[in-house]
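Read the structure below first, then the notes.
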Amino acid sequence: MAAETVPPVSPKGLDAQGYIEREGSLGRIPHPFRPVVVTARDRVLDLFGPRLHSAYLYGSIPRGTARVGRSDLDLLLALLDEPTDADREGVRALGEALDKEFPQIDGVGTLLYSRDLLLSELERHDLGWFVACLCTPLLGDDLAEYLPRYRPDSLLARETNGDLALLLPRWRERIEAADSDEARRPLVRFMSRHLVRTAFTLVMPRWNGWTSDLAEMAEIFGAYYPERADQLRAAAVLGHTPTTAPAVLRTYIDDLGPWLANEYTRVHGTKAPR
């Protein structure tokens with residue numbers, strides 16, 4: 001049972017009207033990462049040309065908190081038509097090339113969608129919110145101009161992370177297939193981050209604010225669920241500096257993940273089917 005206490009971090013991330021403020025800007029990009037961003041921008045244009053509607057940065061680089069050699073480059077690309085398998089292979093190859101060329105980054109993650117999907121009613125409180133609030137425009141016409149403003153309410157919580165129960169069986173398959181430290185390390189980082197963000201959005205409407213800082217997310221969650229606070233603090237650390245220990249991943253899918261999925265469903269319901 002959740003224990004209502006005073007959160008250790010004061011609510012923030014909202015404007016005067018209570019809407020989530022857009023985070024990040026090109027001006028906040030740390031100097032060591034600017035050549036990476038410029039090269040990525042040019043190569044995205046080369047790859048998609050007139051089919052590209054817009055491109056965005058998200059994550060620690062546009063927030064100005066990236067760490068040299070430890071942070072990844074996160075991109076979201078919107079096409080005028082539906083992405084193909086060849087398009088996905090193209091962005092995968094682009095990411096691999098950038099990762100090899102620039103030691104400043106530790107991997108590249110690229111989300112690829114059509115403009116119509118990002119602006120669809122079904123994605124209004126998931127991908128649409130993600131673009132409008134968490135993405136920094138890099139190229140093209142900003143889709144945020146066509147999207148509403150967002151509050152940290154239960155609808156947003158449900159539509160962003162109300163699908164954890166569906167994800168856990170797939171996570172188990174990925175974990176079982178990861179048979180080396182090299183394969184486990186990115187899984188620990190990805191799953192740690194995902195669980196911390198899901199835990200935070202579970203309590204986000206009660207806290208009534210927004211943050212993308214993993215440590216803050218864990219502390220805020222822990223104020224409402226102190227019995228799980230230490231697990232989330234540990235996951236927040238692993239989201240930045242992942243271990244390769246199989247036991248961590250087993251804990252995620254056998255304990256923390258199922259508990260969090262059940263509690264999320266109880267509090268906010270489940271995400272609309274995709």
Side-chain angles (χ1 to χ4, degrees), residues 1-13 20 23 58-60 63 65 67 70-72 74 109 126 130 133-134 152-154 156-172 174-175 184-271:
M1 188 69 179
E4 293 289 346
T5 60
V6 178
V9 180
S10 298
K12 61 179 185 177
I20 297 174
E23 62 179 31
Y58 67 95
S60 61
R63 291 199 303 266
T65 60
R67 296 178 293 175
R70 299 178 68 177
S71 295
D72 50 358
D74 295 309
D126 188 8
F130 186 81
C133 295
L134 304 190
D153 56 19
S154 186
L156 185 62
R158 183 176 72 245
E159 291 304 304
T160 52
N161 289 301
D163 59 349
L164 181 59
L166 295 177
L167 296 177
L168 290 176
R170 302 176 207 169
W171 284 17
R172 187 177 296 275
R174 293 177 65 183
I175 290 169
R184 282 188 291 269
R185 181 175 175 273
L187 285 184
V188 170
R189 180 166 68 173
F190 164 74
M191 293 179 185
S192 297
R193 293 180 179 186
H194 193 106
L195 290 173
V196 172
R197 289 165 181 160
T198 301
F200 168 71
T201 54
L202 170 64
V203 303
M204 174 185 67
R206 281 180 276 177
W207 186 62
N208 193 35
W210 176 260
T211 177
S212 284
D213 183 277
L214 292 179
E216 285 187 353
M217 286 180 165
E219 289 302 319
I220 293 159
F221 167 84
Y224 296 97
Y225 293 89
E227 69 278 12
R228 294 278 178 173
D230 287 345
Q231 282 182 296
L232 263 292
R233 291 189 188 103
V237 172
L238 293 174
H240 290 300
T241 55
T243 181
T244 58
V248 171
L249 294 171
R250 286 197 298 270
T251 298
Y252 286 172
I253 58 171
D254 292 336
D255 177 36
L256 180 58
W259 174 84
L260 184 55
N262 289 335
E263 183 67 3
Y264 215 99
T265 299
R266 184 187 72 81
V267 175
H268 297 301
T270 57
K271 187 173 183 174

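Atom set for the values below is all heavy atoms of this structure, side chains included, hydrogens, waters and symmetry mates excluded. Because the structure is a prediction, the values reported are computed rather than measured. By convention here, the first residue in the shown sequence is residue 1.
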Residue pair Q231 / D255: nearest heavy atoms and the distance that separates them
NE2-OD2, 2.9 Å
pair L134-W210: side-chain heavy atoms closer than 4.5 Å
yes
Quick one: closest heavy-atom pair of R189 and G239, and the distance?
CG-O, 3.2 Å
Can you tell me how far CG of L187 sits from OG1 of T244, rounded to the nearest 0.5 angstrom?
11.5 Å
Going by salt bridge (charged side-chain N to carboxylate O under 4.0 Å, His left out), name the pairs with one or both residues in residues 235-248, residues two or more places apart or in two chains.
none
Nearest heavy-atom pair of S154 and V267: which atoms, and what distance?
OG-O, 4.5 Å
Shortest non-hydrogen contact between V196 and A218, atoms and distance
CG1-N, 4.2 Å
Please step through side-chain contact (heavy atoms from CB on, under 4.5 Å) for the pair L156 and T201, ending with a clear verdict.
CA-CA 8 Å; L156 185 62; T201 54; over 6 Å; no
Mind running side-chain contact (heavy atoms from CB on, under 4.5 Å) on M191 and I175 for me, showing each step along the way?
CA-CA 10 Å; M191 293 179 185; I175 290 169; 3.9 Å; yes
Within this structure, what is the CZ-OG1 distance for the pair R185 and T241, rounded to the nearest 0.5 Å?
9.0 Å
Out of curiosity, I220 CD1 to S10 OG, how far, rounded to the nearest 0.5 Å?
9.5 Å
Does H194 have any ring pair (Phe, Tyr, Trp, His ring centres under 6.0 Å) partners at least two apart in sequence or in another chain, and if so, which?
W171, F190
Measure the spacing between OG1 of T270 and CG of L164 and express it to the nearest 0.5 Å.
12.0 Å
With side-chain contact (heavy atoms from CB on, under 4.5 Å) as the test, would you mind laying out the steps for T243 and L238 before giving the verdict?
CA-CA 7 Å; T243 181; L238 293 174; 3.8 Å; yes
Might you point out which heavy atoms bring V188 and P242 nearest each other, and give the distance in Å?
CG1-CB, 3.8 Å
Can you check whether W207 and F200 have ring centres sitting under 6.0 Å from each other?
yes
Compare all side-chain heavy atoms of N161 with those of L202 and state whether any distance is below 4.5 angstrom.
no
Tell me, do L232 and L256 make a side-chain contact under 4.5 Å, heavy atoms counted?
yes
Spatial distance of atom CE (M217) from atom OG (S212) [nearest 0.5 Å]
5.0 Å
Less than 4.0 Å between a side-chain N and a carboxylate O, is that true for E263 and R228?
no
Sub-4.5 Å side-chain heavy-atom contact between R67 and S60
no
Are R193 and D72 within salt-bridge range, i.e. N to O under 4.0 Å?
yes
Does the side chain of D126 reach to within under 4.5 Å of the side chain of K271, using non-hydrogen atoms?
yes
Give every residue pair that meets the salt bridge (charged side-chain N to carboxylate O under 4.0 Å, His left out) criterion with at least one member in residues 232-252, sequence neighbours excluded.
E219-R233, D230-R233
Could you state the interatomic distance from OG1 (T211) to CZ (R197), rounded to the nearest 0.5 Å?
10.5 Å
Correct closest heavy-atom pair for Y225 and R266 would be OH-NH2, 4.3 Å
Looking at E23, is its backbone amide N or carbonyl O close enough to the side chain of R63 to form a donor-acceptor pair, meaning the two atoms are under 3.5 Å apart?
no
